[in-house]
Amino acid sequence: MMRLKRVLGWCVAIVAVVGVAGLWYSSHPEIEPLNASNPAKFSDEMVARGKLLADAGDCAVCHTSKDGVTNTGGLAIEIPFGTIYTTNITPDVETGIGSWSFDAFKRAMREGIDREGNYLYPAFPYTAFTKTSDADLEALYAYLMSQTAVKSHNPKTDLSFPFNIRRGISAWNLLFLSPGAYQPDTAQSEEWNRGAYLVEGLGHCSACHTPRNLMFAEKTGADYLGGGVAEGWIAPALNQHSPSPLGWNKQELVEYMRTGFSINHGVAAGPMAPVVKEGLSAQSDADLMAIATYLLSFQGSETKIPDGDREKAAADINLKAYSQIEPLTSQGARIFSGACMACHNQDSGPVLNGVKPSIALNSNLYESSPDNMIHIILNGIQSPATDKLGYMPAFRYNMNDQQIVALLSYLREDFAKQPAWPALAERVKQIRLETETDN
Ligand code: HEC
Ligand code: HEC
Ligand code: HEC
């Protein structure tokens with residue numbers, strides 16, 4: 001189950017209220033079902049290209065339930081007004097998209113309207129997918145229609161009144177959907193435009209990495225990629241507000257997207273792990289470089305440490321933090337030394353388990369919210385972005401709230417020299433409760 005309370009509350013909230021008020025009215029015709037006895041044929045090359053695009057768009061991440069068959073839907077997305085279930089996007093005629101023509105599929109991706117003419121909830125990221133080119137939509141369609149058709153009767157999306165009235169979404173779309181394929185910015189390089197196409201379109205990176213306005217739509221302008229919330233995790237800013245003490249360079253970004261780990265940062269955990277595992281890690285070098293080029297253009301020049309100086313800057317940050325652990329004068333330092341150092345020291349000793357991320361270089365320690373650190377300590381990292389990373393153990397049953405607060409206060413204030421996190425104890429208690437059933 002996905003908890004998208006804060007991120008995706010948007011999709012329905014005010015929208016439905018406005019719709020019910022009847023301020024806007026619009027309807028769309030049904031698109032004729034396909035003749036199932038005459039299935040279209042697609043080339044292997046086109047299907048393979050479509051699969052890569054489906055990976056880039058994380059289709060299977062959302063359209064597969066826990067232990068379910070890929071793309072048969074049924075994943076529950078919980079929002080404050082009920083539960084939205086993802087749909088079966090295999091070509092089964094009865095329960096999937098087997099009767100969808102290309103035009104019907106294209107309309108869903110560009111406008112968020114299903115074959116029968118119903119509005120889809122923006123929990124389906126069509127505001128981003130709309131930017132996909134016709135040629136890529138054709139390849140995606142070819143891939144989806146070439147999957148094995150699987151019958152899957154998923155639970156029905158069940159939202160309370162008035163959010164169950166899909167037509168309300170038309171009002172929200174009017175304000176926040178700009179339908180149409182990505183148009184290149186001629187002032188930018190071809191590589192930058194390729195990156196923009198992938199990030200703003202299928203990658204839908206800003207769905208998690210951008211804060212939302214009161215209508216739960218993504219903010220624009222200087223707030224773009226300025227950090228957001230996903231399934232109770234913080235998705236850090238990727239623009240000039242990046243919390244990383246070093247900021248990013250191109251090579252680090254490419255490495256992080258390819259392997260889920262960058263030595264000057266940390267790992268892709270939480271909701272970012274499947275984005276790497278099922279999407280980014282399979283993309284071509286050229287495309288990952290293009291994404292990095294695009295992202296770096298939002299980072300601002302003053303935070304950047306030149307490539308030649310980064311190794312030394314990272315070593316200095318590590319030294320400053322790690323060298324003050326001894327003598328173990330506080331409870332937090334003692335816990336860190338005993339419970340964490342074996343796997344997180346930064347000396348040349350052996351790597352016990354996959355990778356050995358530096359806590360001093362980790363963005364999560366420099367965020368204004370402690371939430372990611374709390375998630376990681378309570379629940380560990382059970383589903384790594386790639387198998388090579390190893391697992392981080394959960395400390396839920398080894399430490400009580402007071403011990404986690406002592407550890408985190410130490411890491412934040414003495415280790416990273418950042419101002420104390422407010423209301424830390426309450427957050428630890430709350431997240432422990434919220435994630436109880438996951439473990
Ligand atoms: C963040 C989660 C998420 C991702 C990623 C996602 N979808 Fe969906 N999708 C949904 C949800 C939720 C619905 C159902 C919305 C509703 O019921 O209104 C949906 C509905 C659809 C529908 C309409 C199906 C129907 O029967 O009405 C299609 C088609 C679709 N998605 C295709 C895709 C494709 C192709 C991708 C990858 C490029 C993708 N989705 C990625 C969440 C997602
Ligand atoms: C489903 C939500 C979601 C989507 C979609 C998503 N991210 Fe993330 N991202 C996160 C979260 C959460 C983290 C924090 C992970 C952690 O701390 O381990 C993160 C971390 C990152 C980081 C590391 C930032 C840092 O300072 O440590 C980078 C880089 C990144 N994402 C890039 C991307 C790119 C590029 C895309 C689109 C292709 C993307 N993300 C799409 C949720 C998401
Ligand atoms: C048995 C080894 C081990 C121990 C003990 C351990 N960790 Fe980890 N930790 C890991 C590994 C391996 C990863 C990377 C896992 C992955 O991505 O799959 C990791 C990742 C992390 C991250 C980075 C997460 C991110 O999103 O970038 C943080 C922060 C962290 N650990 C904190 C701690 C703290 C605090 C403790 C002590 C309470 C601790 N770890 C104890 C092995 C360990």
Side-chain angles (χ1 to χ4, degrees), residues 2 4 7-8 11 53-54 56-63 73 75 77 84-89 96-97 100 104-105 108-109 112 114-116 118-126 129 132 140 144 157 166 169 198-199 202-209 228-231 233-238 242-244 248 253 256-257 260-262 265-276 279-280 291-292 295 335-336 339-344 352-357 359 362-365 372-373 376-377 380-386 389-393 395 398-399 404 407-408 411:
M2 256 190 183
L4 298 188
V7 180
L8 288 181
C11 56
L53 294 164
D58 300 330
C59 314
V61 175
C62 284
H63 282 275
L75 182 80
I77 298 180
I84 298 178
Y85 290 92
T86 59
T87 53
N88 180 358
I89 53 169
I97 57 169
W100 288 43
F105 174 68
M109 295 290 280
D114 75 6
R115 188 189 64 76
E116 292 171 323
N118 304 306
Y119 284 92
L120 293 162
Y121 291 109
F124 167 43
Y126 59 85
F129 291 168
T132 312
L140 255 175
L144 291 174
T157 287
R166 286 180 178 265
I169 298 165
L198 292 166
V199 168
L202 281 176
H204 69 283
C205 313
S206 67
C208 295
H209 284 280
V229 181
E231 297 161 50
W233 283 64
I234 305 297
L238 302 176
S242 164
S244 161
W248 291 80
L253 277 170
Y256 183 91
M257 292 189 278
F261 175 63
S262 161
H265 300 275
V267 292
M272 189 61 199
V275 173
V276 168
L280 293 168
I291 292 176
L295 291 178
I335 295 176
F336 183 65
C340 318
M341 271 294 273
C343 299
H344 287 286
L352 292 190
N353 190 2
V355 291
K356 204 161 69 164
I359 306 295
N362 198 278
S363 286
N364 293 321
L365 204 53
N372 289 5
M373 288 300 294
I376 292 162
I377 293 174
I381 302 174
Q382 311 296 332
S383 309
T386 55
L389 300 178
Y391 297 81
M392 150 100 192
F395 288 88
N398 308 63
M399 291 184 201
I404 294 179
L407 168 62
L408 279 177
L411 287 176

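Only a predicted model underlies this, so the values are computations on that prediction, with no experimental measurement involved. Whatever order the structure lists ligands and atoms in, that order sets their numbers, starting from 1.
Annotation for ligand 3: atoms under 4.0 Å from non-hydrogen atoms of Met399 are 38 (C). Listed by atom number, the atoms of ligand 3 under 4.0 Å from Leu389 heavy atoms are 12 (C), 16 (C), 17 (O), 18 (O). Residue contact check: Leu253 has heavy atoms under 4.0 Å from atoms 29 (C) of ligand 2. For ligand 2, the atoms sitting less than 4.0 Å from at least one non-hydrogen atom of Trp233 are 12 (C), numbered in the order shown with element in parentheses. Near Val355, meaning under 4.0 Å from any of its heavy atoms, are these atoms of ligand 3: 12 (C), 14 (C). Per-residue contacts place Asn364 under 4.0 angstrom from the following atoms of ligand 3 (heavy atoms of the residue considered): 25 (C), 26 (O). Near Asn362, meaning under 4.0 Å from any of its heavy atoms, are these atoms of ligand 3: 23 (C), 24 (C), 25 (C), 27 (O). Each of the atoms 5 (C) of ligand 1 lies under 4.0 Å from some heavy atom of His204. Near Asp114, meaning under 4.0 Å from any of its heavy atoms, are these atoms of ligand 1: 27 (O). Near Ile377, with a cut-off below 4.0 Å to any heavy atom, the atoms of ligand 3 are 35 (C).
Here Ile335 has no heavy atoms under 4.0 Å from ligand 3, in either its backbone or its side chain. Contacts with ligand 1 closer than 4.0 Å are made by no heavy atom of Ala207, backbone or side chain. Contacts between Val199 and ligand 2, counted as non-hydrogen atom pairs separated by less than 4.0 Å, are absent for every part of the residue. Only the side chain of Leu144 comes within 4.0 Å of ligand 1, judged by heavy-atom distances. Only the side chain of Leu202 comes within 4.0 Å of ligand 1, counting heavy atoms alone; its backbone N, CA, C and O stay farther away. Contacts of Asn372 with ligand 3, taken as heavy-atom pairs under 4.0 Å, are absent altogether. Both the backbone and the side chain of Leu120 come within 4.0 Å of ligand 1, counting heavy atoms alone. With a heavy-atom cut-off of 4.0 Å, Leu280 touches ligand 2 through its side chain alone. Contacts between His63 and ligand 1, counted as non-hydrogen atom pairs separated by less than 4.0 Å, involve the side chain only. Only side-chain heavy atoms of Met373 come within less than 4.0 Å of ligand 3; its backbone N, CA, C and O stay farther off.
Protein heavy atom at the shortest distance from atom 4 (C) of ligand 3 is Cys343 SG, 3.4 Å. Closest protein heavy atom to atom 5 (C) of ligand 3: Ala339 O, 3.2 Å. Nearest protein neighbour of atom 15 (C) of ligand 2, counting heavy atoms only, is Ala269 O, 3.6 Å. Scanning all protein heavy atoms for the shortest distance to atom 20 (C) of ligand 2 gives Tyr256 OH, 3.4 Å. Of all protein heavy atoms, the one closest to atom 12 (C) of ligand 2 is Ile234 O, 3.5 Å. Atom 27 (O) of ligand 2 has its closest protein heavy atom at Ser363 OG, 3.2 Å. For atom 39 (C) of ligand 3, the nearest protein heavy atom (residue, atom name, distance) is Met392 CE, 3.2 Å. Shortest contact from atom 32 (C) of ligand 3 to any protein heavy atom: Ile359 CD1, 3.5 Å.
Distances between N or O atoms of Tyr391 and those of ligand 3 include no value under 3.5 Å. At least one N/O-N/O distance between Val267 and ligand 2 falls below 3.5 Å. Geometrically, ligand 2 and Asp58 share no nitrogen or oxygen pair separated by less than 3.5 Å. At under 3.5 Å, a nitrogen or oxygen of His344, whether backbone or side chain, sits near a nitrogen or oxygen of ligand 3. Where the criterion is an N or O separation shorter than 3.5 Å, residue side chain and backbone included, Trp100 fails it with respect to ligand 1. Note: no N/O pair closer than 3.5 Å links Thr86 and ligand 1 by distance alone.
For Phe261, there are no ring-ring contact (aromatic ring centres under 6.0 Å, His included) partners, not counting sequence neighbours.
When side chains are defined from C-beta on, Thr132 does not count as touching Leu53, because their heavy atoms never get closer than 4.5 Å.
At least one heavy atom of Arg166 sits under 4.0 Å from some atom of ligand 1. Residue contacts with ligand 2 include Leu295, since one or more of its heavy atoms lies under 4.0 Å from the ligand. For the pair Leu407 and ligand 3, a heavy-atom separation below 4.0 Å is found. Residue Asn88 places no heavy atom under 4.0 Å from ligand 1. Not a single heavy atom of Gly354 lies less than 4.0 angstrom from ligand 3. Judged by the shortest distance from any of its heavy atoms, Pro357 lies inside the 4.0 Å radius around the atoms of ligand 3.
Within the set Asn398, Thr386, Ile376, the minimum heavy-atom distance to atom 24 (C) of ligand 3 is found for Ile376. Nearest-residue assignment for atom 16 (C) of ligand 3 (options Pro393, Ala385, Gly390; heavy-atom criterion): Gly390. With Cys59, Ala123, Ala104, Pro125 as candidates, the residue nearest to atom 37 (C) of ligand 1 on a non-hydrogen basis is Cys59.
Distances from atom 8 (Fe) of ligand 3 show that Cys340 has no N/O/S atom below 2.8 Å.
Protein N/O/S atoms closer than 2.8 Å to atom 8 (Fe) of ligand 2: His209 NE2, Met272 SD.
Closest non-hydrogen pair, Tyr256 versus Ala268, comes out as OH-CA, 3.3 Å. Heavy-atom minimum distance, Ala292 versus Met257: N-CE, 4.1 Å. Between Leu75 and Cys62, the shortest heavy-atom distance links the atoms CB-O, 3.3 Å. Nearest heavy-atom pair, Ala104 versus Arg115, reported as atom, atom and distance to 0.1 Å: CB-CG, 3.7 Å. The shortest heavy-atom contact between Gly57 and His204 is O-CE1, 3.6 Å. The two residues Ser383 and Ala273 make their nearest non-hydrogen contact at O-CB, 3.7 Å.
The aromatic rings of His63 and Phe124 sit perpendicular, their planes meeting at an angle over 60°, well past the 30° parallel limit.
Distance alone, capped at 3.5 Å, places no donor-acceptor pair between the Asn362 side chain and the Gly266 backbone. Looking at Thr87, its side chain never comes within 3.5 Å of a backbone N or O of Gly73 through a donor-acceptor pair.
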